[in-house]
Amino acid sequence: MNPPTLTAEEGGLVLDVVQIAIHNPLALPGETTYCYLVAENGARYRIPAPLHDWATVTLAEHSERVGTGRSAVLPARFEFGIRDGRMFASARGAVQRLAQ
């Protein structure tokens with residue numbers, strides 16, 4: 001994923017996220033681990049390192065909510081971008097799914 005650099009009026013990359021996960025969460029020394037997300041359309045995006053903390057906190061909150069019977073964090077719509085030199089992820093609300 002390559003979040004765009006934004007000016008004050010521009011919007012970022014908006015994705016309907018259905019899953020956040022960690023590739024190889026129990027990595028041994030020398031092995032690669034990283035966070036990724038899966039969009040509603042099935043596309044998989046590697047989450048940039050500056051957003052690793054956001055991803056792990058969001059994943060933990062989602063798991064805790066599901067485990068205690070509260071409403072899940074995902075699926076949700078998030079906006080990604082770079083503003084004032086800092087990468088961000090911002091919740092934009094729940095994903096509206098069509099009845100099938």
Side-chain angles (χ1 to χ4, degrees):
M1 174 181 10
N2 293 316
T5 300
L6 310 174
T7 64
E9 285 84 40
E10 292 178 316
L13 172 65
V14 176
L15 295 173
D16 292 336
V17 178
V18 296
Q19 179 185 16
I20 296 174
I22 301 172
H23 168 77
N24 198 12
L26 301 175
L28 297 173
E31 293 181 339
T32 301
T33 186
Y34 57 87
C35 296
Y36 66 91
L37 64 82
V38 178
E40 188 172 46
N41 66 4
R44 183 173 160 163
Y45 297 89
R46 186 171 176 162
I47 297 173
L51 294 178
H52 180 85
D53 286 345
W54 165 82
T56 55
V57 167
T58 302
L59 178 58
E61 181 180 357
H62 176 75
S63 296
E64 189 270 333
R65 285 172 164 257
V66 169
T68 58
R70 296 185 295 155
S71 61
V73 172
L74 300 172
R77 180 168 288 155
F78 290 94
E79 178 183 13
F80 301 91
I82 301 170
R83 184 169 280 129
D84 298 326
R86 297 189 63 166
M87 195 172 290
F88 71 90
S90 178
R92 292 291 180 228
V95 174
Q96 299 298 317
R97 293 186 175 215
L98 299 174
Q100 296 183 10

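As the structure is a prediction and not an experimental result, all values here were calculated from the model.
With a 4.5 Å cut-off on side-chain heavy atoms, Phe78 and Leu15 do not count as touching. Contact check for Leu59 versus Ile22: side-chain heavy atoms found under the 4.5 Å cut-off. When side chains are defined from C-beta on, Val73 counts as touching Arg65, because their heavy atoms get closer than 4.5 Å. Side-chain contact check for Arg70 versus Glu64: some heavy-atom pair is nearer than 4.5 Å. Using a 4.5 Å cut-off on side-chain heavy atoms (C-beta onward), Tyr45 and Val17 make no contact. Counting heavy atoms from C-beta on, the side chains of Ile20 and Trp54 come closer than 4.5 Å.
Taking a 4.5 Å side-chain heavy-atom cut-off between Ile, Leu, Val, Met, Phe, Trp and Tyr, the cluster of Phe88 extends to Leu6.
In this structure, Asn24 and Glu31 approach most closely via the heavy-atom pair ND2-OE1, 3.4 Å. Scanning all heavy atoms of the two residues, the minimum distance from Thr56 to Cys35 falls at CG2-SG, 4.0 Å. For Pro48 against Pro3, the heavy-atom pair with the smallest separation is CG-CD, 4.1 Å. Contact detail for Met1 and Leu13: the closest heavy-atom pair is CG-CD2, 3.9 Å.
Note that OG of Ser71 and NE2 of His62 are 10.5 Å apart. Values are rounded to the nearest 0.5 Å. A distance of 11.5 Å separates CD in Glu40 from CG in Leu74, rounded to the nearest 0.5 Å. If you take CG on Asp53 and CD1 on Ile47, they are separated by 11.5 Å, rounding to the nearest 0.5 Å.
His23 and Tyr34 have parallel rings, their planes meeting at less than 30° on a 0 to 90° scale where 60° marks the start of perpendicular.
Of the possible donor and acceptor atoms, none in the side chain of Thr33 sits under 3.5 Å from a partner among the backbone N and O of Ala27. No side-chain donor-acceptor contact under 3.5 Å links Glu79 to the backbone of Val14.
Open room surrounds CG on Asp84; 12 or fewer heavy atoms of other groups in view lie less than 6.0 Å from it.
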